[in-house]
Amino acid sequence: MDKKNALRAGALAAGTTLMMLLMSSPALALTRDDGDDPGNGLSVIQTLGLYVLIPLALFAVIAGLVFVLDKSHDRRDDTTSNVDVNA
């Protein structure tokens, strides 16, 4: 029964993807709209900086702030962590 459900799910996913690809029309992207005035394109370095480096830098800054400003290391379980067992 598991193979049948997996096959059905795969067929559904493949069919949905195929229909989305067929319904989208990339040819319409070539025609310009009235008043459309695109600027210059981005270079490879500008694209990588905009879509890769800036998000990574933002992630690093946010993670660093969370790490530095985290106060949870001050909380300790006083009942078990400070018990000295030298019996």
Side-chain angles (χ1 to χ4, degrees):
M1 191 66 174
D2 290 330
K3 280 187 175 182
K4 191 174 185 179
N5 285 339
L7 186 62
R8 185 179 296 153
L12 180 66
T16 303
T17 304
L18 182 64
M19 288 305 294
M20 288 178 66
L21 286 173
L22 290 175
M23 297 302 281
S24 65
S25 135
L28 292 177
L30 297 176
T31 60
R32 296 275 168 88
D33 292 330
D34 291 336
D36 191 14
D37 189 19
N40 296 331
L42 296 176
S43 69
V44 173
I45 294 174
Q46 290 172 333
T47 304
L48 287 175
L50 184 64
Y51 294 109
V52 176
L53 296 179
I54 290 176
L56 284 176
L58 285 172
F59 176 79
V61 166
I62 292 170
L65 286 173
V66 168
F67 182 73
V68 169
L69 299 175
D70 184 25
K71 302 291 185 191
S72 66
H73 63 276
D74 293 339
R75 289 186 242 145
R76 271 192 240 156
D77 185 13
D78 293 331
T79 59
T80 58
S81 61
N82 293 333
V83 174
D84 188 22
V85 181
N86 289 331

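Each residue takes its place number in the sequence, starting with 1.
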>> Could you check whether atom CG of Leu18 has more than 12 heavy atoms from other residues, nucleotides or ligands sitting under 6.0 Å from it?
In response: yes

>> Going by the rule side-chain contact (heavy atoms from CB on, under 4.5 Å), which residues pair with Thr16 if we only count those two or more places apart in sequence or in a different chain?
In response: Leu12, Met20

> Can you name the nearest heavy-atom pair linking Pro55 to Gly49, along with the distance?
Replying inline: CD-O, 4.5 Å

>> Which residues end up grouped with Tyr51 if you chain together Ile, Leu, Val, Met, Phe, Trp and Tyr wherever their side-chain heavy atoms are less than 4.5 Å apart?
In response: Leu42, Leu50, Ile54, Leu58

>> Applying side-chain contact (heavy atoms from CB on, under 4.5 Å), can you list everything that pairs with Val52, at least two apart in sequence or on another chain?
In response: Leu48, Leu56

